[in-house]
Protein chains: 2
Amino acid sequence: MTKKAPLTIERGALEPAACTCASLRRAARAVTQVYDEALRPSGLKATQFSLLATLARRGDQPLTRLAEALVMDRTTLTRNLKPLVGKGWVGVAQDGDQRVRRIALTHAGQEALERALPLWRDAQSRLVGRLGAKRWSGLLDDLKITVDAVRGG
Amino acid sequence: MTKKAPLTIERGALEPAACTCASLRRAARAVTQVYDEALRPSGLKATQFSLLATLARRGDQPLTRLAEALVMDRTTLTRNLKPLVGKGWVGVAQDGDQRVRRIALTHAGQEALERALPLWRDAQSRLVGRLGAKRWSGLLDDLKITVDAVRGG
DNA sequence: AGCTAAAGAGTGCATATACACGTTATGACC
DNA sequence: GGTCATAACGTGTATATGCACTCTTTAGCT
């Protein structure tokens, strides 16, 4: 019956140096730079690649629904779409409901995505390789669980 | 000798839906909103809290060194400091070397940090509680390893 | 001293992010 | 059929992020 079953949170977890938010943002910064650089020849940033890929996977969608899928503020998505619409990669169409803006991948957008795909795969496989498949998949699971934890309630 | 020891990366890892960068950014968005809301009464955003906490922990420091510690672009740090300097929470001092700007936490900054600390602890302990201490500490480790993986070479 | 490479830093530009607020269109209810 | 809550959306404002470029200062070399 020496130390066991911690009722309290583990040592150090409540020191700012262990801030979950800061750690996530730091990792996001570091990894984003790598993906952005890898994608540079395609003219896409990592965020934009994910946006196009999500559209390709899920099809046309109202803006708000797309924002929810991306766990992104609706107004952030509105602005993130702007450069993509400007390049003709994404189209915005009216819906039966006049309030709704349907977001769609254009043909040019599909092509841009296909051009970027091998570049993305290079970056992704490099990173997965360095982390190891096991740690990588654990990380992805944990990130998903974290998102659910702060949203699900 | 049925399926074993995958020489290739695991199934699905090279599909955009499994993008490491997008997953990190998504989790960072979700968690940042929680911390930002918790910190709101203090007038600090999560990013700013971490910046002040880092300064408190490491002491005065040249801008570039601080940026490296935060795994943040130097020019990003310059701009992130602006609102904190404006509020008198951070001071910028000359160094013997005229090129160097030493960044320091002011007394008011120390107080702001102390006011924010219990708010941060609430948010942090809530999240650690929801994830469970084990998963949380694994996540933090993995994030650190990820940063090292993309920077260390 | 003078030249030069490199270090430290700021600015212009573009994107990413979200809250507060206002606008328009729907749908429900009386 | 008018009233009103709500849903969907855009904009203003502020911060966060980083690349390309430029400027100043320092250190090193001759």
Side-chain angles (χ1 to χ4, degrees), chain A residues 21-22 24-40 43-51 61-68 70-87 89-90 92-103 150, chain B residues 21-22 24-40 43-52 61-68 70-87 89-90 92-103 150-151:
Chain A
C21 183
L24 278 167
R25 294 184 69 92
R26 180 164 48 241
R29 282 194 296 271
V31 170
T32 298
Q33 283 191 41
V34 171
Y35 279 66
D36 273 355
E37 174 166 7
L39 288 173
R40 198 156 303 156
L44 283 169
K45 311 249 291 175
T47 317
Q48 301 173 335
F49 173 83
S50 292
L51 214 167
Q61 235 165 141
L63 189 145
T64 294
R65 179 141 44 198
L66 183 56
E68 283 165 5
L70 293 167
V71 189
M72 181 180 288
D73 188 272
R74 177 183 55 77
T75 68
T76 298
L77 178 56
T78 295
R79 295 184 222 249
N80 287 358
L81 286 173
K82 194 164 297 184
L84 298 174
V85 172
K87 285 174 177 155
W89 292 336
V90 164
V92 180
Q94 292 288 334
D95 188 274
D97 185 335
Q98 292 293 110
R99 295 171 300 180
V100 174
R101 308 257 181 272
R102 295 197 70 86
I103 313 301
V150 299
Chain B
C21 183
L24 279 167
R25 294 183 70 92
R26 180 165 45 240
R29 282 195 297 270
V31 171
T32 298
Q33 283 192 40
V34 171
Y35 279 67
D36 273 356
E37 174 166 7
L39 289 173
R40 197 156 302 156
L44 283 169
K45 311 249 289 173
T47 318
Q48 300 173 336
F49 173 83
S50 292
L51 214 167
L52 295 190
Q61 236 165 139
L63 188 146
T64 293
R65 177 141 46 200
L66 183 57
E68 283 164 2
L70 294 166
V71 190
M72 181 181 288
D73 188 90
R74 177 184 54 76
T75 69
T76 297
L77 178 56
T78 294
R79 295 185 223 248
N80 288 357
L81 287 173
K82 195 165 296 185
L84 298 174
V85 172
K87 284 173 177 158
W89 292 337
V90 164
V92 180
Q94 293 287 333
D95 188 275
D97 184 335
Q98 292 293 111
R99 294 171 300 181
V100 175
R101 306 258 181 273
R102 295 197 70 86
I103 313 300
V150 299
R151 298 184 76 77

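This is a predicted model, so every value here is computed, not measured. Each chain gets a letter, A, B and so on, in the order its sequence line appears, and its residues count up from 1. FYI, side chains are in, hydrogens and waters are out, and symmetry mates aren't considered; it's all heavy atoms of this structure.
With rounding to the nearest 0.5 angstrom, the CG atom of B:Leu70 is 11.5 Å from the CZ atom of A:Arg25. We find the CZ-CG distance between B:Arg101 and B:Leu77 to be 13.0 Å, quoted to the nearest 0.5 Å.
A pairwise comparison of heavy atoms in A:Gly43 and A:Gln48 identifies O-OE1, 3.9 Å as the closest pair. When every heavy atom of B:Arg29 is checked against every heavy atom of A:Val71, the shortest pair comes out as NE-O, 3.0 Å. Taking both residues in full, the closest heavy atoms of A:Pro83 and A:Asn80 are given as CD-O, 3.4 Å, listed atom of the first, atom of the second, then distance. Heavy atoms only, all atoms of each residue included: A:Trp89 and A:Leu44 are closest at CZ3-CD2, 3.4 Å. Minimum heavy-atom separation, B:Leu39 to B:Ala46: CD1-CA, 3.7 Å.
Nucleic acid contact class of A:Gly96 (heavy atoms, under 4.0 Å, all strands): sugar-phosphate only.
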Item to check | Base versus backbone protein contacts along nucleotides 12-19 of chain D [heavy-atom cut-off under 4.0 Å; B, S, -] | outcome: BB-SSBBB
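A donor-acceptor pair under 3.5 Å is absent between the side-chain atoms of A:Asp36 and the main chain of A:Lys45, judged by distance alone.
Put simply, CD on B:Gln98 is 15 Å from C1' on D:dA27, counting in whole angstrom units. Taking atom CZ of residue B:Arg74 and atom C1' of nucleotide D:dC23, one finds them 11 Å apart after rounding to whole Å.
Here the range on DNA chain C touched by chain B, meaning any atom under 4.0 Å from one of its heavy atoms, is C:dA7 to C:dC19.
Listed pair A:Thr64 / D:dC9 meets the phosphate criterion, a side-chain N or O lying under 4.0 Å from OP1 or OP2.
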